[in-house]
Amino acid sequence: MPKLPINLTRLVVEEELETLLESGAYPQNILAPYIQNILIDEVLCQIPNRYILIEAENQNSLPSLLSCIATCTRLKIEDLLKRSIRHHCQQQGKRWDSGMAVGDFSPEPMSCMR
């Protein structure tokens, strides 16, 4: 059987972005698919990516495989997404009027990532 390369990190970034967007705390323009792809790519460039090879018929096991991404990495991903969203909103001259304060964004990258 042929095996497919799967970027587990990308799946987690997509999952975390979806969770953030479902909160409703972000401007509607962030919902555009091309902006979401930009946000995802920006985060993936800043963290190590984990790949696996999986047989095509075993793709149903992907949700359980996502648990191998550590909580620390998930927190780092969430922080990077929030920073990226804030950056894009500021670039567009939008007022940041979500429920999040500027202090909700860590000034330094989390030390658990190498």
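Keep in mind it's a predicted model, so treat the numbers as computed, not measured.
- The distance from the CZ atom of Arg83 to the CD atom of Gln46 is 8.0 Å, given to the nearest 0.5 Å.
- Residue pairs meeting the salt bridge (Lys or Arg N to Asp or Glu O under 4.0 Å) criterion with at least one partner in residues 18-39, sequence neighbours excluded, do not occur; the list is empty.
- Atom CD1 of Ile85 is separated from atom CG of Leu20 by 5.5 Å, given to the nearest 0.5 angstrom.
- Here Ser23 pairs with Ala25, Tyr26 under the side chain to side chain contact (heavy atoms under 4.5 Å, CB included) rule; sequence neighbours left out.
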Practice problem: Show your reasoning for whether side-chain contact (heavy atoms from CB on, under 4.5 Å) applies to Glu42 and His88. | Solution: CA-CA 11 Å; Glu42 286 177 357; His88 285 279; 2.9 Å; yes
Side chains of residues 31-40: which donor-acceptor partners sit under 3.5 Å, not counting sequence neighbours?
residue: Gln36; atom: NE2; partner: Leu31; partner atom: O; Å: 2.9
residue: Asn37; atom: ND2; partner: Pro33; partner atom: O; Å: 3.4

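- Screening Thr73, Ile77, Thr71 against Leu75 for a side-chain contact (heavy atoms from CB on, under 4.5 Å) leaves a single residue, Thr71.
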Indicate every side-chain donor-acceptor pair of residues 7-15 with a distance under 3.5 Å to a residue at least two apart or in another chain.
residue: Asn7; atom: OD1; partner: Thr9; partner atom: N; Å: 3.0
residue: Asn7; atom: OD1; partner: Arg10; partner atom: N; Å: 3.0
residue: Asn7; atom: ND2; partner: Asn49; partner atom: OD1; Å: 2.9
residue: Asn7; atom: ND2; partner: Tyr51; partner atom: OH; Å: 3.2
residue: Thr9; atom: OG1; partner: Arg50; partner atom: N; Å: 2.7
residue: Arg10; atom: NE; partner: Glu14; partner atom: OE2; Å: 3.2
residue: Arg10; atom: NH1; partner: Asp41; partner atom: OD1; Å: 3.4
residue: Glu15; atom: OE2; partner: Arg74; partner atom: NH1; Å: 2.8
residue: Glu15; atom: OE2; partner: Arg74; partner atom: NH2; Å: 3.4

